[in-house]
Amino acid sequence: MTTPRKALSLTAASLALASVMGTVTTSAHAATSATVIVQSGPQYAPPPPMVVQRYSAPPPRRYERVPPPRRGMVWEQGHWEWQGRRHVWVPGHWLRARPGYAYTQPGWVQQDGRWEMRRGRWDRDGDGVPDRYDRRPNNPYRQ
């Protein structure tokens, strides 16, 4: 015959094993006839699917008069940007030139059936690869 203390410890061990195996609610009667309820913690829920923002095609480019060149400045062309839920025209403006760098104009590119905005950027060697992704950013002979 088991003592009430051993029966209680065996019941607690079986409850712990049941909770590890995924039982949500279990009740047991110990030798003292006390009811013990074991509940598991929060259940695993898979993450929601990743939402890919799909922009509609930008409107046609607006005609914009390009001003005469200025020393030490680069003209960034006007372009469409996605703001909120629509395209908004951003007029052209002057940027301070960076000696030794080439400027790539902003624009929209269609890739895999969706439109992506490529912002204007500075590039040291003019190869079109942003410097942070370029292994050799100072190589002017790279193709």
Side-chain angles (χ1 to χ4, degrees), residues 2 5-143:
T2 60
R5 186 177 239 181
K6 284 185 180 179
L8 186 58
S9 64
L10 288 175
T11 305
S14 64
L15 287 173
L17 180 62
S19 68
V20 169
M21 294 178 68
T23 306
V24 176
T25 304
T26 306
S27 63
H29 295 287
T32 60
S33 70
T35 303
V36 178
I37 298 175
V38 177
Q39 294 181 336
S40 64
Q43 299 296 317
Y44 171 77
M50 188 170 77
V51 177
V52 176
Q53 186 72 31
R54 296 188 183 266
Y55 299 116
S56 61
R61 193 174 206 56
R62 290 185 180 177
Y63 173 76
E64 193 172 56
R65 181 186 294 175
V66 179
R70 289 188 190 176
R71 180 176 294 197
M73 303 296 276
V74 173
W75 178 255
E76 181 181 75
Q77 300 171 352
H79 58 277
W80 292 101
E81 283 190 6
W82 185 262
Q83 292 180 1
R85 296 180 181 214
R86 63 189 179 102
H87 290 282
V88 176
W89 179 256
V90 176
H93 56 276
W94 290 105
L95 298 173
R96 186 171 307 281
R98 295 176 67 182
Y101 286 79
Y103 185 72
T104 303
Q105 295 289 332
W108 286 87
V109 177
Q110 189 174 14
Q111 184 174 351
D112 299 330
R114 62 187 179 113
W115 286 91
E116 294 179 358
M117 172 63 177
R118 303 277 169 94
R119 301 217 175 264
R121 61 189 178 278
W122 293 97
D123 189 16
R124 274 188 239 168
D125 55 1
D127 63 357
V129 178
D131 289 336
R132 65 178 168 223
Y133 301 119
D134 199 349
R135 287 185 182 175
R136 297 174 59 197
N138 293 322
N139 184 0
Y141 304 109
R142 182 175 169 171
Q143 301 251 346

Using the test side chain to side chain contact (heavy atoms under 4.5 Å, CB included), find all partners of Pro59 that sit at least two apart in sequence or belong to another chain.
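Partners of Pro59 under the side chain to side chain contact (heavy atoms under 4.5 Å, CB included) test: Trp80, His87.
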Less than 3.5 Å apart, which donor and acceptor atoms pair up between the side chains of residues 88-98 and the rest of the protein, not counting sequence neighbours?
residue: His93; atom: ND1; partner: Pro91; partner atom: O; Å: 3.3
residue: His93; atom: NE2; partner: Glu76; partner atom: OE1; Å: 3.1

Sorted by first residue and then second, give each salt bridge (Lys or Arg N to Asp or Glu O under 4.0 Å) pair with at least one member in residues 59-69; sequence neighbours left out.
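Salt bridge (Lys or Arg N to Asp or Glu O under 4.0 Å) check on residues 59-69 returns no pairs.
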With a 4.5 Å cut-off on side-chain heavy atoms, are His79 and Met117 touching?
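With C-beta onward as the side chain, the pair touches.
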Are Tyr101 and Val74 packed together at the side-chain level, in the sense that at least one heavy-atom pair is separated by less than 4.5 angstrom?
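Of all side-chain heavy-atom pairs linking Val74 with Tyr101, none is under 4.5 Å.
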Gap between atom CH2 of Trp75 and atom CD of Gln105 - 0.5 Å precision
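Here the interatomic distance stands at 10.0 Å.
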Could you tell me which non-hydrogen atom of Gly120 sits nearest to which non-hydrogen atom of Tyr103, and how far apart they are?
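So the minimum-distance heavy-atom pair works out to CA-OH, 3.3 Å.
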Can you name the closest pair of heavy atoms from Arg118 and Glu116 and give their distance?
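Arg118 and Glu116 have their closest heavy atoms at NH2-OE1, 3.3 Å.
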